[in-house]
*Asks:* 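I am attaching a structure below and will ask some questions about it afterwards.
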Amino acid sequence: MSFPLLTATAVVPALGAVATAAVPAAKRTAAKWLALIVSLATLALAITVLVRFDPDGGRYQLTESHAWIADFGVRYELGVDGIAVALLALTALLIPFIVLAGWHDADPLETGSRRWRPTQGFFALILAVEAMVIISFEATDVFLFYIFFEAMLIPMYFLIGGFGDRAHEHGEAAASTQRSYAAVKFLLYNLVGGLIMLAAVIGLYVVAGNFSLQEIAQARANGSLHMATSTERWLFLGFFFAFAVKAPLWPLHTWLPNAMQESTAPVAVLITAVVDKVGTFAMLRFCLQLFPEASKWATPVILVLALISIVYGALLAVGQRDIKRLVAYASISHFGFIVMGIFAMTSQGQSGATLYMVNHGISTAALMLVAGFLISRRGSRLIGDYGGVQKVAPVLAGTFLIGGLATLSLPGLAPFVSEFLVLVGTFTRYPVIGVIATFGIVLAALYTLVLYQRTMTGPVKPEVSAMPDLRVRELVVVTPLIVLLIFLGVYPKPVTDIVNPAVKQTMSDVHKTDPKPEVEAAK
């Protein structure tokens, strides 16, 4: 029996979460180091998965299958394709940086209520989220996926509500109220989406008789499983609604700005760079594979919603006074690009969307973590409270600028390649949607450069005049992310080689081919 590598990638952080939570209260530093070591061990396992995965091999590799709830056809089935491998590697890569960046975020409070924050719990919850996200990327049993798709909400709820940002202009009492509101809103939105998806999961079982993604997709492909048109559309909508909430897609997005604003910077990165990717990933894996005809039927409406997300998110980002809310609305705009690429139904669009998930995770982590370091120094999230930072902390300002330029998809940085592919893939089939979406790029340049100008340039405000530059730990967090942004910006081939075969198979699932270019024959 071969070593269950995929199970190990989820079990290691899960056991690490239990061990970290069990560290004695007085041993906070030991808990931090344990969490970091566990996250690095998980990264090593993810790299092993990446090395062993053959892009030209079978669709799902490193598979595991065991009976679980036999009476209901539920199996413990895991397998990864190129898209899942890329996102698994992204998740495992980001968690050690999240742990390092949040090294002091759950330390005892020294002011205000003087209450103690359970440091062990903070890092244990991060590892628990990692384990659940990883197994969500690996699950090929629909019911197994659903369990962890919903279960990850619980540790995220406590991370948002129990370990919020200390930088609040109205004091600890107001901050606690706002954190509770953001956590409850996050939970309710996602629970509603999950309950609707549960109804669709049960409906799928009634129609198909099992929960195996591979068996159902194969039966759909060879014609042995037929769904009535109305049935397929209702099931698709149940799945898509839950994924659109998680993504988040307009108009189901309103929980994200509150959650990111009230979270610590590392938890904000965990939300938008890791957890939210499960939603867009699931659109590719489940919506398109299980319900190909319904996916094509819903495409025009979904593209319009994605376009609204792009423009709406960017417009609201322009007018934000809070740094974290600006990044949150920018992410809503970026997720609009990802969804647009998925449902453009072209290989360029879907490859770009998958690459965008990876690049957005890296660029958002870089920008938000540096923003968190900035906020922790000044004690304020408000853009107007800063000015002239580049003169007193040039390294901090420089890394903040690179993260911002990646957010606006500057050529030479990783997000440019993915955004370009999404726009090209969309334009070839839906030229009007593609043209309007380009306005999101213009607005991204506006909100990013205005943010940098108002915080980093101009006269040095007295409150930032003694601000220290990035410390060694913070440089260890930021430097690899900056290097990756530049490397994947000039050489994205390592990622595209992994995801392109999976994208071709997804295109085959929905019976779509790329439009042929219309070239007028030379006379």
Side-chain angles (χ1 to χ4, degrees), residues 36 39-40 42-51 53 55 82-102 130 133-134 137 265-266 268-270 272-274 276-277 280-281 327 330-331 334 337-338 351-373 395-396 398-422 444 448 470 472-500:
L36 180 60
S39 66
L40 291 173
T42 306
L43 176 58
L45 289 170
I47 292 172
T48 304
V49 172
L50 191 62
V51 170
F53 181 80
I83 299 169
V85 165
L87 294 175
L88 170 63
L90 171 70
T91 301
L93 174 70
L94 291 181
I95 296 300
F97 297 129
I98 288 172
V99 170
L100 272 175
E130 179 182 24
V133 169
I134 285 174
F137 290 142
V269 171
L270 188 65
T272 191
V274 176
D276 288 354
K277 298 299 187 299
T280 47
F281 163 79
V327 178
S331 291
H334 295 151
F337 277 108
I338 294 171
S351 292
T354 306
L355 188 60
Y356 212 137
M357 291 186 228
V358 175
N359 293 337
H360 173 264
I362 299 170
S363 62
T364 299
L367 180 61
M368 179 58 81
L369 293 180
V370 177
F373 299 149
V395 177
L396 188 154
T399 53
F400 190 79
L401 177 62
I402 295 174
L405 293 176
T407 299
L408 63 82
S409 299
L410 182 77
L413 296 176
F416 169 77
V417 181
S418 44
E419 197 164 281
F420 178 78
L421 285 173
V422 166
T448 300
L470 292 183
V472 174
R473 173 180 59 86
E474 296 164 336
L475 284 171
V476 170
V477 171
V478 175
T479 303
L481 298 174
I482 299 299
V483 171
L484 276 174
L485 286 174
I486 297 172
F487 175 77
L488 293 178
V490 298
Y491 191 65
K493 190 174 183 293
V495 180
T496 56
D497 283 350
I498 293 173
V499 304
N500 282 346

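All values below come from the heavy atoms of this structure, side chains included, with hydrogens, waters and symmetry mates left out.
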*Asks:* Kindly give the heavy-atom pair with the smallest separation between Ala365 and Leu94, and that separation in Å.
*Replies:*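 Nearest pair, atom of Ala365 first, then Leu94: CB-CD2, 3.9 Å.
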*Asks:* Quick one: does Val395's side chain get under 4.5 Å of Leu475's, heavy atoms only?
*Replies:*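 Side-chain contact under 4.5 Å: yes.
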*Asks:* Could you tell me whether the side chain of Leu481 reaches within less than 4.5 Å of the side chain of Leu369, counting heavy atoms only?
*Replies:*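 Counting from C-beta outward, Leu369 and Leu481 do come under 4.5 Å.
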*Asks:* Could you tell me which non-hydrogen atom of Phe373 sits nearest to which non-hydrogen atom of Leu470, and how far apart they are?
*Replies:*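 Heavy atoms only, the tightest pair is CD1-CD2, 3.9 Å.
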*Asks:* Can you see which heavy atom on Ala265 is nearest to which on Gly372, and at what distance?
*Replies:*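 Smallest interatomic distance, heavy atoms only, reads CB-CA, 3.5 Å.
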*Asks:* Taking atom CZ of Phe97 and atom CG of Leu43, what is their separation to the nearest 0.5 Å?
*Replies:*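 It comes to 8.0 Å.
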*Asks:* Assess whether side chain to side chain contact (heavy atoms under 4.5 Å, CB included) is satisfied between Ile98 and Ile95, documenting all intermediate values.
*Replies:* CA-CA 5 Å; Ile98 288 172; Ile95 296 300; 4.1 Å; yes
*Asks:* Check whether any side-chain heavy atom of Val327 lies under 4.5 Å from a side-chain heavy atom of Leu367, and answer yes or no.
*Replies:*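 Val327 reaches Leu367 side chain to side chain.
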*Asks:* Are the side chains of Glu130 and Ile134 in contact, using a 4.5 Å heavy-atom criterion?
*Replies:*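 A side-chain contact exists here, since the closest heavy-atom pair is under 4.5 Å.
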*Asks:* Using the side chain to side chain contact (heavy atoms under 4.5 Å, CB included) definition, which of the options Ile362, Val133, Val495 pairs with Leu90?
*Replies:*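 Considering Ile362, Val133, Val495, a side chain to side chain contact (heavy atoms under 4.5 Å, CB included) with Leu90 is found only for Ile362.
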*Asks:* Go through the steps for Leu50 and Ile498 under the test side chain to side chain contact (heavy atoms under 4.5 Å, CB included), then give the verdict.
*Replies:* CA-CA 9 Å; Leu50 191 62; Ile498 293 173; 3.5 Å; yes
*Asks:* The test is side chain to side chain contact (heavy atoms under 4.5 Å, CB included); show your working for Val274 and Val269 and say whether it passes.
*Replies:* CA-CA 7 Å; Val274 176; Val269 171; 5.7 Å; no
*Asks:* So, Lys277 side chain and Thr272 main chain: donor-acceptor pair closer than 3.5 Å or not?
*Replies:*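 Here the side-chain-to-backbone pair exists.
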*Asks:* Please walk me through it: do Ile486 and Leu413 pass side chain to side chain contact (heavy atoms under 4.5 Å, CB included)?
*Replies:* CA-CA 5 Å; Ile486 297 172; Leu413 296 176; 3.9 Å; yes
*Asks:* Does a side-chain heavy-atom distance below 4.5 Å link Leu355 with Val499?
*Replies:*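 When only atoms from C-beta onward are counted, Val499 and Leu355 do not touch, as no gap falls below 4.5 Å.
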*Asks:* Compare every heavy atom of Pro55 with every heavy atom of Asp497, then report the nearest pair and how far apart it is.
*Replies:*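 It is O-CB, 3.5 Å.
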*Asks:* Name the orientation class of the two ring planes belonging to Tyr356 and His360 (parallel below 30°, tilted from 30 to 60°, perpendicular beyond 60°).
*Replies:*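 Tyr356 and His360: tilted rings.
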*Asks:* Grab the two heavy atoms, one from Ala101 and one from Pro266, that are nearest each other, plus how far apart they are.
*Replies:*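 In this case the closest contact between Ala101 and Pro266 is C-CG, 3.8 Å.
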*Asks:* For Ala366 versus Ile482, what's the shortest heavy-atom pair and its separation?
*Replies:*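 Scanning both residues, the minimum pair turns out to be CB-CD1, 4.4 Å.
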*Asks:* Could you check if a side-chain atom of Leu484 sits within less than 4.5 angstrom of a side-chain atom of Leu93, using non-hydrogen atoms only?
*Replies:*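 Yes; the side chains approach each other to less than 4.5 Å.
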